Amino acid sequence: MASKIGLCTLCGRREAFFHRPYSGEKLCRPCFIWTIERKVKRTISKYSMFTPEDRIALALSGGKDSLSLLHILHKIEKNFPKAKLYAVTIDEGIAHYRDEAVKHAAEACKKLGVPHLILSFKELYGYTLDEIAEILKNVEGAPTPCTYCGVLRRKALNLAARKLEATKIATAHTLDDEVQTFLLNLVHGDVYKLGRVDPEAPEAEVFIPRAKPFREIPEAEIALYAYLVGVPFQTHVCPYAHQALRNDIRDFLKRLEARHPGVKFTLYHSFERLKPLVRSQVKPSITACQRCGEPSSQPICEACTLLEELERYKKEG
Ligand code: SF4
Ligand SMILES: [Zn+2]
Ligand SMILES: [Zn+2]
């Protein structure tokens with residue numbers, strides 16, 4: 001317990017309760033909270049994520065990560081009176097799981113006075129994710145619900161941000177998410193995706209640039225931060241999560257990190273070094289999707305392709 005790890009290495013006054021294995025720091029509760037907020041500010045500045053006049057659309061799923069980011073960006077925004085913070089929640093239509101998260105998101109925005117836009121898959125695409133999953137379940141070799149969820153959510157977020165005339169989209173992806181995505185892209189053979197959504201990538205001119213202020217913070221530390229500042233935790237787990245390859249990668253990384261502290265950071269930095277190399281080789285060209293007009297690297301964007309396939313599965317099913 002606290003008394004066993006000694007005094008906080010930052011303030012030297014209070015008992016530490018947390019040991020950061022990759023840095024050697026031992027921290028008390030207030031110092032831990034302070035280091036997370038400091039890290040967010042440093043990451044924003046390191047990657048020049050925002051300008052003082054940005055209109056920021058924060059992707060607020062209602063989970064602990066995005067609620068923590070709302071908490072911190074709302075604090076930071078107070079020092080930038082010309083900046084504007086909005087929250088966007090995409091309701092995929094996953095009974096119980098998303099209903100609970102949307103409720104947490106709406107309550108947090110109301111409490112902080114942050115304007116909140118909720119868009120649903122049903123109103124944008126005509127289907128809830130539960131309805132999509134019902135169609136997919138009888139089709140051999142069909143993509144998983146998570147594939148539909150990720151692609152349709154990304155498009156929905158762009159549409160919402162454009163509606164708000166946002167100049168940046170902020171997401172709560174943590175270090176773990178970044179490394180998992182890196183490995184997922186490798187496993188899927190999608191090497192070209194490695195540099196896709198960087199604010200300074202060529203796509204940034206047509207896509208609204210994304211900012212990920214938690215990209216260098218482990219997910220476990222965001223969870224601890226959420227707990228300490230009183231962010232509510234979801235009680236329901238997504239019913240489709242077990243089908244996701246990401247889960248296996250998460251478990252693999254967890255085991256690796258436990259045996260070799262710091263390995264996630266090493267992978268993250270390798271990824272960062274690879275990105276410009278991949279970008280220089282692939283030189284992605286962006287065009288307008290022939291179906292919906294949204295920016296896409298293919299003549300028909302991923303979302304329209306998946307929705308067309310869904311209609312086919314429905315007819316065949
Ligand atoms: S686990 Fe899959 S289906 Fe569930 S919210 Fe995540 S991406 Fe969507
Ligand atoms: Zn301290
Ligand atoms: Zn399209």
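The analysis underlying the following values was restricted to heavy atoms, covering all of them including side chains, and did not include hydrogens, waters or symmetry mates. Both counts, for ligands and for their atoms, begin at 1 and track the order of listing. When a residue number appears, it is its place in the shown sequence, counting from 1. Every value quoted in this text rests on a predicted model; they were computed, and no experiment measured them.
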So, [X] versus [Y]: side-chain donor-acceptor pair below 3.5 Å or not?
X    : Y    : result
R20  : T35  : yes
D177 : T174 : yes
Y47  : E216 : yes

In Å and rounded to the nearest 0.5 Å, what is the [atom1] to [atom2] distance from [X] to [Y]?
X    : Y   : atom1 : atom2 : value
I90  : L60 : CD1   : CG    : 10.5 Å
K75  : I72 : NZ    : CD1   : 7.5 Å
K103 : T89 : NZ    : OG1   : 14.0 Å

ask   = For ligand 1, which atoms, with element, lie under 4.0 Å from some heavy atom of L129?
value =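 So the atoms of ligand 1 that pass are 3 (S).
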
ask   = Quick one: which ligand 1 atoms are inside 4.0 Å of a heavy atom on C149?
value =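 Ligand 1 atoms under the 4.0 Å threshold to C149: 3 (S), 5 (S), 7 (S), 8 (Fe).
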
ask   = In the shown structure, where waters are left out, how many protein N, O or S atoms lie under 2.8 Å from the Zn ion (ligand 2)?
value =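 Protein N, O or S neighbours of the Zn ion (ligand 2) under 2.8 Å, waters not counted, come to 4.
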
task = Note the single closest protein heavy atom to atom 6 (Fe) of ligand 1, along with its residue, its atom name and the distance in Å.
result =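 Answer for atom 6 (Fe) of ligand 1: R153 NH2, 4.2 Å.
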
Nearest non-hydrogen protein atom, atom 2 (Fe) of ligand 1 =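 Closest protein heavy atom to atom 2 (Fe) of ligand 1: C146 SG, 2.3 Å.
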
task = Carefully, step by step, assess K64 and E219 under the rule salt bridge (Lys or Arg N to Asp or Glu O under 4.0 Å).
result = CA-CA 10 Å; K64 62 178 175 14; E219 188 180 323; 3.8 Å; yes

ask   = So does C238 have any N/O/S atom less than 2.8 Å away from atom 4 (Fe) of ligand 1?
value =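 Of the N, O and S atoms in C238, at least one lies under 2.8 Å from atom 4 (Fe) of ligand 1, which means yes.
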
ask   = Got L310 and Y148 here, is their nearest side-chain heavy-atom distance under 4.5 Å?
value =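 With C-beta onward as the side chain, the pair touches.
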
query = How open is the angle at the Zn ion (ligand 3) from atom SG of C301 over to atom SG of C289, rounded to 10 degrees?
reply =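 With the Zn ion (ligand 3) as the vertex, the angle is close to 110°.
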
query = Quick one: is the NZ or CZ of K264 closer than 6.0 Å to the six-membered ring centre of Y268, and within 45° of its axis?
reply =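 Judged by the rule (NZ or CZ under 6.0 Å from the ring centre, within 45° of its axis), K264 is not positioned above Y268.
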
key: Contact partition for E92 relative to ligand 1, non-hydrogen atoms under 4.0 Å   =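 It is neither part, as no heavy atom is under 4.0 Å.
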
